[in-house]
Amino acid sequence: MRYLSRINRKSLCGTALLRLDFNTEDDWRMRAVLPTIRFLLRHSSKIVIISHRGRPQPRLIRANGRIVGANKKLSLRKDGLRLQKLLGRKIRFVASLNFAAVRKAVNGSPRGSIVLLENLRFWKGEKANDAKFAKKLAALADYYVNDAFAVSHRANASVVAITRFLPSYAGLELEKEIEFLGNVMHHPRHPLVFVIGGAKASDKLEIMKYFENKADWFLLGGAAANTILALKGMDMKKSLMDKDKKNLKRLRGILGYKSVLLPVDLKWSDGMALDIGQKTVGTYRKKIKGAKTIIWSGPMGLFEKRGFGTGNLAMARAIANNRRAFKLTGGGETVMFLKKHRLDKKFSFISTGGGAMLDFLAGKKLPGIGALNKHG
Ligand code: ADP
Ligand code: MG
């Protein structure tokens with residue numbers, strides 16, 4: 001692995017192709033990579049930023065490259081304006097999806113400029129990890145930098161295939177992720193308390209298997225808790241949970257874990273469990289108090305809905321108040337919530353990844369990092 005911070009600055013003088021992840025409603029992921037952009041501004045001649053947003057449907061893109069329907073909301077134009085404000089530098093947004101036009105725009109932009117391309121997922125090749133598409137991207141620059149940890153668990157063209165065609169480096173943020181997450185993974189202090197919530201129930205529950213022998217306690221909320229409660233036979237009505245039979249079969253093993261704590265009271269609305277209750281918070285808080293390592297992924301409830309953020313806030317405060325533990329969190333919504341309540345600074349490390357953080361901690365090989373190791 002070649003780290004951007006450690007290589008000879010002279011080899012950075014050409015055009016950089018910088019893969020970032022802007023995929024949050026607010027700008028926290030963007031802020032996390034500003035040092036990388038500033039670093040490249042000092043050492044490169046030009047920066048071409050590539051990123052994605054949401055899950056657009058490439059087949060809805062017209063042959064003439066016009067973006068229609070739901071995809072319109074997923075354009076990166078607004079991200080360009082946001083970044084421009086944060087950096088205080090002009091960002092040249094290239095709206096075209098035609099590569100000849102994109103190349104012209106990049107080549108025609110002056111030295112020192114920052115170019116932002118349109119949402120990568122508007123192109124079919126991105127998700128398919130298509131080598132032809134990666135080659136087209138590669139032709140825009142002299143070297144590639146991955147500073148998009150949050151998408152490094154996906155084998156996408158701009159994350160994996162691209163490394164075959166350009167000298168490739170790990171960005172400053174990615175370097176920090178590898179260092180901090182690596183530490184938690186290899187030398188966690190016990191008791192280790194793993195707080196799991198959020199909407200992607202099976203993704204997060206799946207990870208528990210890797211932590212069965214590592215975590216002293218799992219504290220469950222959100223859709224993960226709903227799913228397990230339903231498996232235990234509780235009527236969860238219309239609550240958000242995983243209903244896929246195959247997934248549920250795989251998750252059954254979790255019912256046998258002695259280290260799992262589930263909500264004992266829930267706040268309901270219209271047949272849906274949307275937050276954990278006071279009693280649950282009380283029990284969870286005790287475990288958090290005694291912890292020496294705390295990993296938190298996914299909010300405890302639908303905090304965006306008025307009146308349903310109390311349980312989540314109480315958990316956030318309890319974690320923040322444990323001064324001796326190593327406190328790690330990550331993921332789009334969890335971090336957005338912490339920033340809003342100004343509790344983010346109380347954490348030892350905030351990972352820009354959600355799924356990527358969990359995969360890394362579980363010891364899974366992330367395709368993006370693997371590609372940098374192989375070709376970087
Ligand atoms: P993160 O991005 O932090 O990793 P996820 O993407 O898995 O977390 O899920 C975040 C979302 O989960 C939040 O928008 C939150 O509102 C939602 N959520 C949490 N608990 C519930 C629940 N009980 N019912 C519905 N939505 C929930
Ligand atoms: Mg999320």
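Just so you know, ligand 1 is whichever comes first in the structure, and atom 1 is the first atom listed for that ligand.
Residue contacts with ligand 1: A199 is placed with a nitrogen or oxygen under 3.5 Å of a nitrogen or oxygen of the ligand (distance criterion only). When only interatomic distances are considered, the shortest N/O to N/O separation between D275 and ligand 1 does not fall below 3.5 Å. Between G332 and ligand 1, a contact under 3.5 Å exists for at least one N or O pair. Of the polar atoms of K200, at least one N or O is found under 3.5 Å from an N or O of ligand 1, judged by distance alone.
A side-chain donor-acceptor contact under 3.5 Å links E177 and T352. In summary, the side chains of S96 and E118 do not present any donor paired with an acceptor at a separation below 3.5 Å, with no hydrogens or angles considered.
Considering only heavy atoms from C-beta on, M300 stays 4.5 Å or farther from T280 through its side chain. Between R317 and L313 the shortest side-chain heavy-atom distance falls below 4.5 Å. Between L240 and L302, every side-chain heavy-atom pair lies at or beyond the 4.5 Å cut-off. The shortest distance between side-chain heavy atoms of R31 and L86 falls below 4.5 Å.
Crowding of R2 atom CZ: a count of heavy atoms from other residues, nucleotides or ligands under 6.0 Å exceeding 12. Atom NZ of K374 is surrounded by 12 or fewer heavy atoms from other residues, nucleotides or ligands within 6.0 Å.
With salt bridges taken as basic N to acidic carboxylate O contacts below 4.0 Å, one links D79 and R53.
Here the heavy atom of the protein found nearest to atom 25 (C) of ligand 1 is L240 CD2, 3.5 Å. Among all protein heavy atoms, the one lying closest to atom 10 (C) of ligand 1 is E333 OE1, 3.5 Å. Considering only non-hydrogen protein atoms, atom 8 (O) of ligand 1 sits nearest to K204 NZ, 3.2 Å. Looking only at protein heavy atoms, the nearest one to atom 16 (O) of ligand 1 is E304 OE1, 2.4 Å. Here the heavy atom of the protein found nearest to atom 3 (O) of ligand 1 is T334 OG1, 2.5 Å.
In this structure, of G301, A201, G309, A273, the residue bringing a heavy atom nearest to atom 23 (N) of ligand 1 is A273.
Ligand-side atoms of ligand 1 in range of N226: 23 (N), range being under 4.0 angstrom from any heavy atom. Below 4.0 Å from some heavy atom of L274 lie the following atoms of ligand 1, by number and element: 23 (N), 24 (N).
Judged by the shortest distance from any of its heavy atoms, G197 lies outside the 4.0 Å radius around the atoms of ligand 1.
Of all the N, O or S atoms in E333, the one closest to the Mg ion (ligand 2) is OE1.
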